[in-house]
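Heads up: numbering here begins at 1 and tracks the sequence. Counting convention: from 1, in listed order, for ligands and their atoms alike.
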Amino acid sequence: MDDQKEVTVQNYKGWEDFYNIEKSDKLDFFMRDGRMIDILFAQQFDRSFLDSMCRLATQIRRMALTKVGARKLSSLLSHKRAMLYFVQPSTRTFISFLNACHILGLKISEIRGTTTSSEVKGESQEDTIRTFASYVDLIIIRHPEAGFAEKTAWILNQNKLPVAVINGGSGPDQHPTQALLDIYTLEQSFRNIGGLDGKKIAMVGDLKRGRTVRSLSYLMRNYKDITLYFVSPEIFQMKDDIKSFLKKHRIEFHETDDFAGVMPHVDAIYMTRIQKEYSEAPAQESDIYPNFHFTKEHLAVIQSHCIVLHPLPRRYEIEVEVDKDPRAVYWKQERNGMWMRTALISYIFGVADKIAVEFK
Ligand code: CP
């Protein structure tokens with residue numbers, strides 16, 4: 001059915017020019033009443049925001065443990081509605097956002113593929129999201145196209161529609177809420193050894209097409225004395241835009257294909273999957289690069305405080321036997337996604353203070 005679909009292409013004058021503006025020069029466009037309303041790319045976050053989100057995520061996690069606390073949380077946004085528009089596969093981003101909405105009492109609608117929306121009749125994707133805006137207060141989008149979440153926010157803001165937009169993953173470009181939960185996991189794991197400042201982090205695998213490592217790299221600007229090691233096969237090296245950003249902000253980074261050589265020296269290892277879905281010739285592309293896998297033997301090589309992360313889903317990058325080691329934090333990282341996304345939605349709708357007051 002998809003093959004026969006006739007897509008309506010609409011020309012939004014001004015969009016291309018806006019998209020090409022430097023991200024740091026258009027932050028105000030996505031703010032209202034002094035708060036970010038649309039969460040689109042990692043360059044929107046500064047240190048004070050990141051610290052406050054980590055604090056809030058922990059407060060929500062603690063509050064949700066009790067019936068009384070959970071009831072209070074679920075009353076905060078029971079008058080709001082959210083749309084989950086996920087037209088690219090997802091398990092954990094979708095479910096963690098869904099549960100974040102449940103925790104805060106939001107009512108949910110969802111579309112999980114263009115074949116079940118009127119896009120199958122040829123409705124444009126822009127008219128589709130404008131339609132959502134007729135019904136809900138928040139649209140959470142996962143889309144294969146870089147910039148589509150930003151375009152959604154741009155269209156809605158241009159039309160003065162008071163609907164917040166969150167980017168839940170935009171093609172191989174960015175995954176800003178994953179970066180938030182990654183920061184939360186790193187900060188939590190290092191809370192007894194000075195937090196994330198001063199740490200050495202290895203990012204391993206498909207750095208070229210992995211959106212999580214791109215968003216996380218942008219956030220390193222907010223931390224002191226970070227050193228990054230980009231560890232990948234040559235064909236999957238980190239793209240120049242990220243490297244230019246790091247140079248501009250004087251963040252030390254190294255590129256290598258010697259994973260075994262880097263491992264003993266770092267405080268965190270962030271594993272990633274080969275993103276074969278973006279390959280032009282998937283049948284010819286391998287997704288098994290054993291030199292970039294983390295095995296149980298490596299547990300003896302890394303430092304006693306070194307944590308192993310992965311945004312998941314994984315394939316062969318981490319042996320399951322590693323899961324039992326307390327330094328393997330990827331399942332915790334996954335769960336942190338729900339708390340961090342709950343914190344983010346609370347912030348967007350201005351109810352974070354009502355949570356913080358419970359801890360005064
Ligand atoms: N980490 C992540 O984005 O996972 P999903 O693709 O399952 O949402």
* Under 3.5 Å donor-acceptor, D206 side chain and R209 backbone -> yes

* For ligand 1, is there an N or O atom under 3.5 Å from any N or O atom of T91? -> yes

* Of all the heavy-atom pairs spanning Y330 and E319, show the shortest one and how long it is. => OH-O, 4.4 Å

* Asked: For atom 4 (O) of ligand 1, which protein heavy atom lies nearest, and how many Å away is it?
  -> R92 NE, 3.1 Å

* To do: Consider every N or O of P311 and every N or O of ligand 1, then say whether any pair is closer than 3.5 Å.
  => yes

* Asked: Under the criterion side chain to side chain contact (heavy atoms under 4.5 Å, CB included), which of I39, L76, L104 is the partner of I345?
  -> L104

* For F94, is at least one N or O under 3.5 Å away from an N or O on ligand 1? -> no

* Asked: Is T212 touching ligand 1 with its side chain, its backbone, both, or neither, if touching means heavy atoms under 4.0 Å apart?
  -> neither

* Least distance between heavy atoms, D267 atom then F190 atom -> O-CZ, 3.3 Å

* Asked: Distance-only, no hydrogens or angles: does the R211 side chain make a donor-acceptor pair with backbone N or O of G171 under 3.5 Å?
  -> yes

* **Numbered atoms of ligand 1 (with element) below 4.0 Å of T93, judged on heavy atoms** => 2 (C), 3 (O), 4 (O), 5 (P), 8 (O)

* To do: Under the side chain to side chain donor-acceptor pair (under 3.5 Å) rule, what do N167 and E150 come out as? Steps first, then yes or no, please.
  => CA-CA 8 Å; N167 178 3; E150 187 179 331; over 6 Å; no

* List every atom of ligand 1 that sits less than 4.0 Å from any heavy atom of L312, numbering the atoms from 1 in the order shown and giving each element. => 1 (N), 2 (C), 4 (O)

* For atom 6 (O) of ligand 1, the protein heavy atom that lies nearest, with its residue and separation -> R142 NH1, 2.8 Å

